[in-house]
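Data first, discussion second: the structure below is written as structure tokens.
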2 protein chains.
Amino acid sequence: MHTGRAPTRAVLTSELGVTRATAGAVATELEALRLIKVDQRPHAAAGHQGRPSHRLSVNPDGPVALAAQVHADGFRAALVGLGGRIVATAPDCMDVPADPQAVLAAVVEAGAQLLRETGRRCVGAGLAVPSAVAEPGGEALNPLHLAWPAGAEVRRIWGECLTEAGIGGYGGFTGNDINLAALAEHRHGAGQGAKDLLCVATGHRGVGGALVLDGRLHTGSAGLALEVGHLTVCPDEGAPCHCGSRGCLDVETDPLAFLTAAGREPGPEVSLLQQARDLVRSSMDDEAVRTAVEVLIDRLGLGLAGLVNILNPDRIILGGLHRDLVEADPERLHGVVARRSLWGRSGAVPIVPSTLDHGSLVGAAELAWQPILDDPLRLVG
Amino acid sequence: MHTGRAPTRAVLTSELGVTRATAGAVATELEALRLIKVDQRPHAAAGHQGRPSHRLSVNPDGPVALAAQVHADGFRAALVGLGGRIVATAPDCMDVPADPQAVLAAVVEAGAQLLRETGRRCVGAGLAVPSAVAEPGGEALNPLHLAWPAGAEVRRIWGECLTEAGIGGYGGFTGNDINLAALAEHRHGAGQGAKDLLCVATGHRGVGGALVLDGRLHTGSAGLALEVGHLTVCPDEGAPCHCGSRGCLDVETDPLAFLTAAGREPGPEVSLLQQARDLVRSSMDDEAVRTAVEVLIDRLGLGLAGLVNILNPDRIILGGLHRDLVEADPERLHGVVARRSLWGRSGAVPIVPSTLDHGSLVGAAELAWQPILDDPLRLVG
DNA sequence: GTATTTTGTTTAGCGTCGGCACAAAGACAG
DNA sequence: CTGTCTTTGTGCCGACGCTAAACAAAATAC
């Protein structure tokens with residue numbers, strides 16, 4: 001169902017490998033649920049003979065998922081339609097109480113406001129947090145950037161706030177922000193069609209990873225997988241890391257590491273990530289900046305090579321500052337990864353920049369949409 | 001279906017979550033296929049009331065899978081029944097031609113001989129090789145220990161040899177030996193019930209890994225995943241590795257590394273693996289040996305911690321020399337892994353020795369059994 | 001204007017599975 | 001010993017999801 005836009009019933013038959021009858025039934029059903037709409041006037045395909053087909057498209061006025069993201073500087077809420085299109089966005093809120101209960105209540109209130117304004121039906125709500133999320137309980141294990149207590153029961157609180165506000169659908173879902181961005185890239189971004197998709201991204205501080213296998217997030221047995229920040233990428237003498245080791249990917253390739261390597265003093269006005277990205281984009285003719293980019297690419301490449309040896313992905317998507325690094329010098333990064341991974345030459349992995357601006361939001365919505373994609377029947381009514 | 005031995009129809013109903021009717025139908029069907037047999041006399045369950053149930057057990061005289069393993073010193077062939085029981089074994093052959101075609105022909109001949117002798121029906125044939133196996137083509141990418149050409153089309157040759165010998169069933173399957181051992185441990189050994197199972201093992205030289213997710217082998221997008229041998233575990237000054245780096249798990253924790261660390265000169269009489277294992281088992285009161293064990297455990301632990309951070313398995317099985325290491329001092333290994341992994345204290349991972357003697361063989365057979373487990377109907381006839 | 005091609009819908013049929021009733025075989029109470 | 005209860009195994013029916021095949025629709029090709 002995540003194959004581009006506006007297919008026809010005929011495309012569905014071949015894409016899903018079912019008969020025309022089944023594809024037609026599915027289409028009728030989805031239309032009855034107001035999830036899709038069917039062109040009244042058939043689309044005359046030029047150069048093709050035979051009966052022209054009706055295009056099926058996501059109903060822009062259909063139900064939505066409530067998506068929210070909490071980050072270091074505040075939170076953000078939006079309504080996301082089927083297919084990952086953001087329908088409405090609440091103004092970013094920069095007021096961040098240290099109490100998760102209070103934050104999530106405010107998030108839900110913003111979402112409820114959006115739903116009231118637009119009059120949309122809500123199929124569920126997803127929340128992205130900048131922390132490892134334990135499975136199956138949904139506790140935020142290391143919400144360092146939020147000043148929340150470790151182990152905060154985010155999923156439970158999220159669910160309670162939602163029911164309190166009367167937002168129903170298929171309930172509340174929570175996940176790590178990078179995991180959800182990876183899911184979104186797989187469904188609607190640069191990861192479409194990948195079988196084993198690896199995503200690596202910087203936040204404002206630190207580095208995170210995510211893995212999408214056969215279209216499903218792989219979070220490990222307890223939700224703690226892809227903690228890629230502590231791969232050693234600077235064996236000889238790296239900066240000390242809070243994990244106790246030295247030269248971790250986390251402290252060697254994050255925005256602060258880049259600013260330091262470029263000899264810039266980080267200012268307090270905007271986020272470190274923003275400063276670092278601006279520097280890469282504006283000052284590649286500066287010798288110090290170019291050298292810093294090369295150093296970080298070499299370290300990142302070493303880390304990616306280690307991951308390639310273990311995971312053997314068929315695509316890698318880079319986000320945050322890493323996205324700017326690969327865009328600045330893709331050849332160098334490809335070269336390092338190929339040289340340092342065992343199957344570098346034979347199995348060169350495509351490494352591409354992320355394409356979605358609000359991947360975590362879209363991914364959070366995707367969680368809420370999932371039950372409906374799995375079984376559209378149960379939503380009848 | 002891999003839940004211990006001799007369940008009853010009633011157990012199937014609860015275990016598979018189906019009705020008694022369906023469980024009964026499945027049992028009848030499997031019996032008709034001679035895959036299982038049903039106790040004539042019902043098993044009186046002591047202390048239980050109600051009608052006693054008939055035990056269902058794997059038919060020891062039923063069809064078998066042909067399983068074979070090629071290794072550095074020769075090859076081995078066996079017939080394996082449903083449930084991983086080895087029914088018959090051919091005498092180990094130590095004659096190893098350098099030509100894969102010739103070796104596999106000899107392997108198939110040994111297997112055909114076994115089938116003739118026992119008169120069993122063959123449901124398929126699986127082959128384990130000590131090399132990464134490319135997917136989906138099935139080429140052996142680094143058969144270093146076999147003196148085969150890299151990229152040898154093992155799967156094609158195996159299939160051709162089988163059809164030539166008239167061994168039918170569901171065809172030929174090939175896989176990496178450690179991958180298959182991991183699959184076998186998950187189905188019938190120390191890995192039962194694990195959701196995310198990581199296996200790490202030494203062969204005679206080098207270190208390999210495998211991952212079983214939700215009961216299925218994860219081999220990555222091209223079959224090249226879990227090349228764990230080149231994790232850095234000796235940052236300061238490790239031995240040089242053929243991969244170009246230093247201090248890799250491969251050269252720091254394999255049998256030769258252990259013998260060197262213990263100050264022993266490896267002799268030519270038996271394999272390095274055998275010498276190393278004998279040393280661990282017999283001479284733990286020797287100071288040099290004990291120190292060597294501790295050094296290797298520390299390095300192995302560092303490597304495992306890195307894998308835990310990325311994969312978050314819920315169980316780790318160690319094979320080869322690593323099995324002896326964990327048996328010699330489990331506390332030390334657990335401690336290192338917990339200290340060096342991010343979620344060490346909260347998410348301590350069980351690390352257990354492998355339990356199967358011929359895991360690769362059983363796993364190879366498992367590949368051949370898989371189509372029948374997936375759909376027993378199609379074998380009617 | 002007719003034939004052909006492609007798409008969409010209707011109808012019949014098949015296979016799977018759950019629900020239910022019934023039979024079987026023992027335990028337990030009197 | 002007998003009747004009741006509990007658990008297991010089996011046969012039957014219907015709901016459901018899908019395929020196959022026939023039919024209808026709407027364009028192009030000649």
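FYI, side chains are in, hydrogens and waters are out, and symmetry mates aren't considered; it's all heavy atoms of this structure. Chain naming here is simple, since letters A, B, ... match the order of the sequence lines and numbering starts at 1 in each. Keep in mind that what you see is a predicted model, and the values were worked out from it rather than measured.
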Original post:
CG of B:Leu56 versus P of D:dT8: gap in Å, rounded?
Top reply: 13 Å
Original post:
For B:Glu29 and C:dT16, what is the distance between atoms CD and C1' respectively, to the nearest whole Å?
Top reply: 12 Å
Original post:
What string of B, S and - do you get for nucleotides 4-9 of chain C 5' to 3' if you count protein non-hydrogen atoms under 4.0 Å?
Top reply: -BBBBB
**OP:** Name all stems that contain residues of DNA chain D, defined as runs of 3 or more consecutive Watson-Crick or G-U wobble pairs, both distances under 3.5 Å.
**Re:** C:1-30 with D:1-30
Original post:
Going by an N to O cut-off under 4.0 Å, is there a salt bridge joining B:Asp196 and B:Arg216?
Top reply: no
Subject >> Sidechain N-carboxylate O distance under 4.0 Å for B:Asp61, B:Arg85 >> reply: no
Looking at side-chain heavy atoms only, is the closest gap between [X] and [Y] below 4.5 Å?
X: A:Leu211; Y: A:Leu311; result: yes
X: B:His54; Y: B:Arg9; result: yes
X: A:Leu12; Y: A:Leu56; result: yes

Subject >> Value rounded to 0.5 Å, distance of CG in B:Leu197 from NE2 in B:His218 >> reply: 13.5 Å
Original post:
Just checking, any donor-acceptor pair under 3.5 angstrom between side chains of A:Thr174 and A:Arg155?
Top reply: yes
**OP:** Give a yes/no on whether any side-chain N or O of B:Thr22 is located under 4.0 angstrom from OP1 or OP2 of C:dG18.
**Re:** yes
Original post:
Is it the case that more than 12 heavy atoms not belonging to A:Arg34 sit under 6.0 Å from its CZ atom?
Top reply: no
